[in-house]
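Note that the structure is predicted; figures quoted are calculated from it, not measured. Read the numbers this way: they start at 1 and go in the same order the structure lists the ligands and their atoms.
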Amino acid sequence: MLPKITNLTEEELQGWLAENNIKPFRAKQLYQWIYHHKVTDWEQMTNLAKSFRQKLAQSFSLERLTIVNHVTAPDGTIKFLQKLDDGRHIETVVLRHGDHDTVCISTQVGCAMNCQFCLTATMGLIRHLTPSEIVEQVLNASTFLPEGRKVRNIVYMGMGEPFHNYDNTMKSLTILLNENGMNYSWRRITVSTSGLVPEIRKFGQEKVAKANLAISLNGVTQEARKKLMPISKRYSLEELIDSCKDFPVEARKRITFEYILLEGVTDSIESAKKLVSLLHGVKSKVNLIPFNEHPDLAFKTPSDAKIKQFQQYLLDHGILATMRVSRGRGITAACGQLAVKETKKNESKKTS
Ligand code: SAH
């Protein structure tokens, strides 16, 4: 199988061109064709010589991830399933908000973090996604939008832990931000992590670190967080908060702390109080996520009154606290509901 051209940054593409005695500016043209015009056939690259197109066709694959199927929720949320070259599957979600569409992309098949409230965790980690597989989800997302419209925001909040697949995640950011390609602004991209402290620190030093950082907090004491998110055994809540305090947050920007509301577990006013003191001194905002229930998960969603009360406590104590409106619930496309049954079936077929 030929290597995917979408695995290469523009710089890497220039390197390949140089090796083949082709002028480096061709990389820019290729980027425009692939990511701006979104062509899927070399023949469509009309400003490139036929011989060059042939050379490209012999060297790289331009095929996109195959969209196997998609479902649309009544609120307009679209979840689509894509088949990878090795037969595995991943899910991507498009959230429609007028012209503010957001794509929620995956970075791994499954996930190793084992967060107790998350369905993807039940798959375990199957493998990391390549940069190409991450980037192509964004290209594919636009096929669900009206002609010519581009997804406005990108959130790395689908299946998997982006910082566990650090290098490929960084490379995908480089490709998405490239001005000759999709030309995303870092303001429109958010990378969400369960709290891998060394990678948070490393990310702070990267050029692409201007992208927004979100931390899935979900617990306000080390004890509470450890029970919900095993990663906290490796990197304590204290270390996590320290890494956020040290994070070079741009002026007027804040780190988002996602906080899941689980009935009787994380939704007490006592927890809200602890959350306020925990975030003292951190440039932060809180995004509350009422738990999305699933028969395979034991937790419950708190009542609306309880949720409002929690949010109000934060607001009254000077915390910018928004509530994530749950979208795509009916089609299991909401937060923490992404898990691909097909992959599991294939797995058991292979091993049995
Ligand atoms: N691994 C990364 C990216 C996944 S984001 C991370 O942990 O940040 C997934 C987000 O959905 C997290 O903020 C998580 O707290 C939230 N989530 C997971 N399961 C959920 C569920 N069942 N209901 C609501 N939110 C959930």
Exercise. Can we say Lys79 and Glu91 salt-bridge, meaning some charged N sits less than 4.0 Å from an Asp/Glu carboxylate O?
Worked result: yes
Problem set entry | Option nearest atom 15 (O) of ligand 1 (shortest heavy-atom distance, choices Leu228, Leu288, Asn218, Val191) | Asn218
Seminar exercise, completed: Closest heavy-atom approach to atom 6 (C) of ligand 1 among Ser216, Cys104, Cys335 is made by Ser216
Exercise. Atom 22 (N) of ligand 1: which of Phe117, Tyr259, Phe299 has the nearest heavy atom?
Worked result: Phe117
Exercise. Does Lys171 count as lying over the ring of Tyr166, i.e. NZ or CZ under 6.0 Å from the six-ring centre, within 45 degrees of the axis?
Worked result: no
Problem set entry | Closest heavy-atom pair and its distance - Ile231, Gly195 | CG1-O, 4.2 Å
Seminar exercise, completed: Ranking Met157, Gln116, Arg324 by closest non-hydrogen atom to atom 5 (S) of ligand 1, top hit is Met157
Exercise. Any idea which atoms of ligand 1 are less than 4.0 Å away from a heavy-atom of Ile289?
Worked result: 13 (O), 24 (C), 25 (N)
Exercise. Are Met157 and Phe117 grouped together when hydrophobic residues (ILVMFWY) are joined by side-chain heavy atoms under 4.5 angstrom apart?
Worked result: no
Exercise. With a 4.0 Å heavy-atom cut-off (strictly under), which part of Glu161 contacts ligand 1: side chain, backbone, both or neither?
Worked result: both
For this session: Kindly assign one of parallel, tilted or perpendicular to the pair Phe310 and Tyr259, based on the angle between their ring planes and the thresholds 30° and 60°.
Result: parallel
For this session: Kindly say whether the aromatic ring centers of Trp42 and Phe60 come within a distance under 6.0 Å.
Result: no
Problem set entry | Where ligand 1 meets Thr193 - atom numbers and elements under 4.0 angstrom, heavy-atom basis | 6 (C), 7 (O), 8 (O)
For this session: Considering heavy atoms of the protein only, find what lies nearest to atom 2 (C) of ligand 1 and give residue, atom and distance to 0.1 Å.
Result: Ser192 O, 3.3 Å
Exercise. When you check the side-chain N and O atoms of His37 and Gln32, is any donor under 3.5 Å from an acceptor?
Worked result: no
Seminar exercise, completed: Of Gly160, Ala334, Ser194, Ala214, the one whose closest heavy atom lies nearest atom 3 (C) of ligand 1 is Gly160
Exercise. Is the distance between the ring centroids of His36 and Tyr31 less than 6.0 Å?
Worked result: no
Problem set entry | Geometric class of the Trp16/Phe52 ring pair [parallel <30°, tilted 30-60°, perpendicular >60°] | parallel
For this session: Run the contact test for Cys115 against ligand 1 with a 4.0 Å cut-off on heavy atoms, strictly below, and give the result.
Result: no
Problem set entry | Per-residue contact class, Asn292 against ligand 1 - non-hydrogen pairs under 4.0 Å | both
Problem set entry | Min heavy-atom dist Gly158 to ligand 1 below 4.0 Å | yes
Seminar exercise, completed: If you scan protein heavy atoms around atom 10 (C) of ligand 1, the nearest is Glu258 OE2, 4.0 Å
